Every structure is written in structure tokens, then in C-alpha cells.
Amino acid sequence: MSPRCKHYPAALNIFYFAIIMAVSMLSNAVHAQTTSAGTKSESRLASADLKEITVTATRTSRKVSEVPESVSVVDTEQIRTRQAADIGDVLRYLPNVELGGGPRNLGLSPVMRGMGDDRILFLLDGARQDFNRGHNARIFTDPSLLKRVDVMRGPASTVWGSGALGGVISLTTLDATDLLRSGERFGMKVRGGFQSMNEQYIPGISAYGLVGEQFDYLLDFSYRNAADDIRHGDGSKLQNSRFESYASLAKFNWTPGDHRFTFSAQTFDQAGKVPSNPQAASTANTLVDRDTEQRNYTLRYRYENVDNAWLNPEVLVYHNTTYSLEKRLFDRRRDETDFSTTGINARNSSRLELNSFTTQLITYGVDYFHNEAKGKRNGATRPEFPRGEADVVGLYLQDEITLWERLSLIPGIRWDYFSSKADGISVSSNQNDRVNFKLGGLLKVTEWFSITGGYSEAFRAPTLGELFTTGTHFTCGPRCSNLFTPNPDLKPETAFNKEIGARIQKSNLLFENDQLTMRGTYFHNKVKNFVDLMVDFVFRPVPGNPGRGGTTTSDNVHDALLKGFEIETSYAAKYSYTGFSYAQTRGHNRTSGGVLSNVQPDKWIVMAGLNWPTHDLSLGWRSSIVSAQHRVPTGGTPTPGYTLHDLTLTWLPQNGPAKGLRFDFGIDNLTDKDYRRHLNVLKDPGRNYKLAVSYQF
């Protein structure tokens, strides 16, 4: 581990167990004084069933079926059943969401509707995750800490500001009330798991409870040890893919009256010997001993009073850091990368009842965040990751209008100002502003059929690396190096998206309480001033490089068009469920012609399952059918198609001596398919047996 965290595992274990025991004794001590009020406090603090509620599309709580945007929710049960090892496992079955970067979690790079993860906004408990370094994942967290993941496909800057050209991935962590069972004041949960593809062992422990009527707490610690390299379908292994990681969450809620205060602290540490580019195969001169640390801290205040229609404020203050230390093995070169984001979001919603058939929910607020980056090489400034700062402030207004309880219109407008600066280069600043609009609509034609439509805009401010990077990109022999040249005049990327869709949601169709859901969406997204990395490799002097090797710089090079559609359908009854989805995206370079390189192939997801309530058993099957991708730019590499089958089995006793026990078994890539995802250099894992056991008491 790095000097900053080499004593972290042992110290954290001692710290967590001490807190868990102390809180346990405190909870038991106050239990006798609060038993008579227990029912009331649990009712007050119990979280609502958020399975079909989202705040990602509008920043207000709405049912997924009632927002015009394309939103998918992965809930707690789905995360547990899949035994997700990383964010990729959480997202793998969503339409028009693909996983780039290869199987090492340090290189994981989601792609959404043809937009890479540098054009997707990540949120963790509402806090922006802006870390961005080439060939590296942007967010690190253990899925065992997550309550839900909301994925909004399509531009979303009117609501969330810079970065959301492709969409938003919002991760929400667990609360104590998600784990406490009826009548409980305190609980603990121990868990363990194993995955065969890399002999990964996954123990963990949680402690949670209520103190009095107003306070709840959750403490969680998890550990992962991948003892072997990842195995492919042909029996070969991905060398240097072993790792060891630690993750923790401490979360506290205090609810005095109509006020609610939430504080959370999350940590993630991972160590392993990997190539400096984790998306590529390892070689002797690229192998590094890498330690990665990520810290996230949030403080949230909410006021909710059903009798006060004008005042419903929320304030979020957050700070997160990502630090990595890479020690190159063949020459012990030390590269340090440090990135931090500090921000505040403040908003209020006011509800207006204009007449018997018109209501409005007006939301307005301000966002501000500050990014800071710096890199060192052997203790000196590293030009490939320059020291820089960026500030962004945004003001937004949104009006959710409902007419006759059938027509919803959601217009919105936002203004953002952003500025960036760096140290040590001649032209070191970039400033700009942007106004974005949106208009969404949903019409309930009948109680079970509705149509949607919308227009939305988004922008992405250039990153510090795109603006200011200098130094060596790669070497090409004696006295030959390709050099980065900064481009502080980059314009922001902008997106203009149109969508239209239809939805069906009907219950009691064949059996009592069954449900049929169908959704279809067509999108047409124009992107201007696309920022691309231009490599000019020549063996003569050029501006920016007086020697041989040429230059590499970021530039606004072309306009792009991304269009396609998504179809989803599911049917669920008491004893079974089934469903499928189909997603297609096409990308066109509107400047020079041809197709875009980052567009993923067409994909079908087919699923079915059986439930045996009397035996507390459920069995699930999913198939991913991915088409070959031949629509690649000139010189690009096509990718063959493939089909994967996954199985899950869950036993969750509801009564008897085994109550509190949970058993999950799964097989990913049942047929041991040897395959590679489009645009990935590395092949994905072969057959993977998964087992997870937990006990809650």
C-alpha cells in the first residue's frame, strides 16, 4: 500500500469493530427507554419503497413511469442477486449501456448511447465524481454498499450541469432503515462470497440501528481479495489482474421533526500489480505497483413539511478525493496523481395549485463545484498531469406542470459559467459560459398507455488534461518522442437531443396483481465541437516539437450525430417473470463523413425466472445476444458477435430457524464463451461461478 494508506487495513478493522461494539452497547442501553415509542419511530424513520422512484431526471421525487426521460433503476435486490463485483456487473443488462475498458475494474469505462464515460456524469449520493485520467476508471466503490443505481440516458445538463452529454449514472448508498427488519432497533449482518474467475474472496460486516426516535446509523466494512488472474473462456489468463481492496461506509441520519440531516463518509482502497494502462496487456516496462485511494464525504440537509407547499429545500455539501501512486517496477519511477472535487448544491421546490386541473412544482437552485488536479513524478511536477483548477457555477429553473392529471410538461433552463487555469504553461486559462434548455412532455392517453417526447441540451467543459497537458506522450526511439501540446482555446462540447416514445403499464392482465410493462424510445442526438485527441506522428520538427516524433493535442474536430432506439418489455406474476430489451445506436461523423468509432453493437437481453414462495426460492436466467460490429471507421477493427448466458439462484428464508440467512448462487458466461467486447483490447472473463452467503441478526 502507499505511504498514505499502508496501515489502513489493520487500523480500519480495529476502528470499525470498536465503533460497532460501542454503538451496539449504546443502542441496547437506550432500548428499554424507547420500546414504547419503537413503533412510532420506526414508522417515522423507515425509508419508502423507492424501487420505481427516481430523482435523477428532475431532481425531485417522481415515479420512473411519469418522467419523459429514459431512466432505468437497478434496485438492491437486483444488485444482490447478481452478486455484482463492480459497477460493470450492476449495469450489464441495461439497454444502450455497454462496458468498455476490459475486465480489470481499474480500467472499467461504461459507454452510453455511443458516448464514453468521460461524457457521462457520475453521482455518488448526489455528489459529482469528476476524476478523469486516460484509460482509468472514474469511480470506485463496492457494490455491496449500494441501495440503488439510477441510469438516465441522454443529455441532462439542464438539471445537472457540465458533463452529462451521454447521460447520468447516479449511485445511492444504503441507509440503516434499508436493513432493519420490522420491530428491530439494532442489527448486524455478516457476509461472505467467492467468485471463481479470479478466486476472489469477499467477506464483509455491517452494524446498524436506531437510537431514540430521531437518529439512525449504518457502519459497513467490506474486503475483496482476487488471489488469481482473471481466466478467459479459452483457458488463458489475463496476467497481472490480481488485486486487494477495502471499502467502508459510515452513514448517519438525524431527523428532528420535519428536518433531516445526513452525513456519510466512504472509503475505497485497492492495491495490485497492473500495467500503467489497465485497459491493455502488461509488459515488463509498463508494469506498476499501483495503490488507489478514493474518499467521499457528504453532508445533506432536507426540510419536508406536507403543510408547507412553498418551502421544500435541500442543501448538499460534498468533498471527494482520488489519489493513486504508481511505482514502475523495472526502474522504480514514482508517479503520483491527486484529484479532488468540492461542491455545494442548494435548491428549493414550491408547489402551486392554480385551479382544479392545474398544478405546478417549481424547482430552482444553484450548483457550484471546484476541481483541483496535480501530478508528480519522483517528487517533481509531472507535465502529463498538470497542476490545474476548474470552477463551475450554475443556476437553474424547472417547472413541472400537470394538467388534468394526464398531461405533464417539464420545461427547464440553466446557465453555467466555467473557468479553468493551470500552472507552468504560457497560456494557462480557459473561460466560457453556456445556457441550456429542455422541454419534456408525457401524455396519459389511457390509464395504461402514454406517449412521451422531449428536447434537451447538454454541454461538457473541457477537462484540465484536455486543456493543459504537456510532456511526453510516447517515445519512438533515440531522440524521438511524441509530445503533448496544450490547447487552452478548446470550446465546450454541446449536445442537442430529441426523443419520442410510448409506454404501456397494465396490471391484472392474466392473473391477480400481475404486471405488464413496455417501453419504446427513439432518440436523435447532435453533438457539436466534439473534443478528440489528435496524434500527429512525424519524423521532422513541427510546431510544439523541435525534434522528431510529432505532437498530440486535443482539438474540436467534428460534429457528430447519434441516433437509435431502445425497446424494453417485462411481465411479472406471482410465480414467474419474463422480459426482453433491444437497443441500437448509430453514429455518424457529420464533418468528414463515415461512422463514429465509439458506437457499440446492437444488443438483445432476454430473461426469465421462476419463484417458489413456499420454499423461499427464486431462479433466474438471462441471455445477452450481441451482434457483430462492422460499422467502424476506415482502419478500425470489427468485432465478432457473441451470446452469453447467466444463471442465478436465491434462497431467502422468511420464517423458521433459518430466517436471516440468505444464499445466492450464480454462473456468469455459462457456456465458457471466449469473447471480446467491441473496442476493448482485452478479452472478457470465461465461466464464473459465484457464491454469496449472508446472515442478518
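The model shown is predicted, which means the values in this text are computed figures rather than measured ones.
Checked for salt-bridge contact, Arg231 and Asp672 meet the test: a charged N lies under 4.0 Å from a carboxylate O. Comment: Arg128 does not engage Asp367 in a salt bridge, judged by the lack of any side-chain N to carboxylate O separation of less than 4.0 angstrom. For Asp602 and Arg586, the salt-bridge test passes: some basic side-chain N is under 4.0 Å from an acidic carboxylate O. Using a 4.0 Å cut-off between charged nitrogen and carboxylate oxygen, Lys526 and Glu457 do not count as a salt-bridge pair.
Using a 4.5 Å heavy-atom threshold, the side chains of Asp416 and Ser157 count as separate. With a 4.5 Å cut-off on side-chain heavy atoms, Asp86 and Phe140 do not count as touching. A heavy-atom distance below 4.5 Å is found between the side chains of Ile410 and Lys438. No side-chain heavy atom of Thr283 sits under 4.5 Å from any side-chain heavy atom of Pro275. The shortest distance between side-chain heavy atoms of Arg631 and Val599 does not fall below 4.5 Å.
In this structure, Phe565 and Tyr582 have tilted ring planes: the angle between them lies in the 30° to 60° band. Taking the six-membered ring for Trp and thresholds of 30 and 60 degrees, His524 and Tyr522 have ring planes inclined between 30 and 60 degrees apart.
Defined by atom type and a distance below 3.5 Å, a donor-acceptor pair is present between the side-chain atoms of Asp234 and Ser236. For the residue pair Asp646 / Tyr93, a side-chain donor-acceptor distance below 3.5 Å is found, with atom types taken as modelled. Side-chain N/O atoms of Gln505 and Thr517 include no donor and acceptor closer than 3.5 Å.
Remark: of the listed residues Arg113, Arg153, Arg519, Arg113 is the sole one forming a salt bridge (Lys or Arg N to Asp or Glu O under 4.0 Å) with Glu499. Between Phe418 and the choices Val393, Asn371, Asp433, Asn430, the side chain to side chain contact (heavy atoms under 4.5 Å, CB included) rule is met once, by Asn430.
Relative to the ring axis of Phe339, Arg138 does not place its NZ or CZ within 45° and under 6.0 Å from the centre. Arg59 forms a cation-pi arrangement with Trp160, by the criterion of a distance under 6.0 Å to the ring centre and an angle within 45° of the ring axis.
Residue pairs meeting the salt bridge (charged side-chain N to carboxylate O under 4.0 Å, His left out) criterion with at least one partner in residues 93-112, sequence neighbours excluded, are Glu98-Lys603, Glu98-Arg677.
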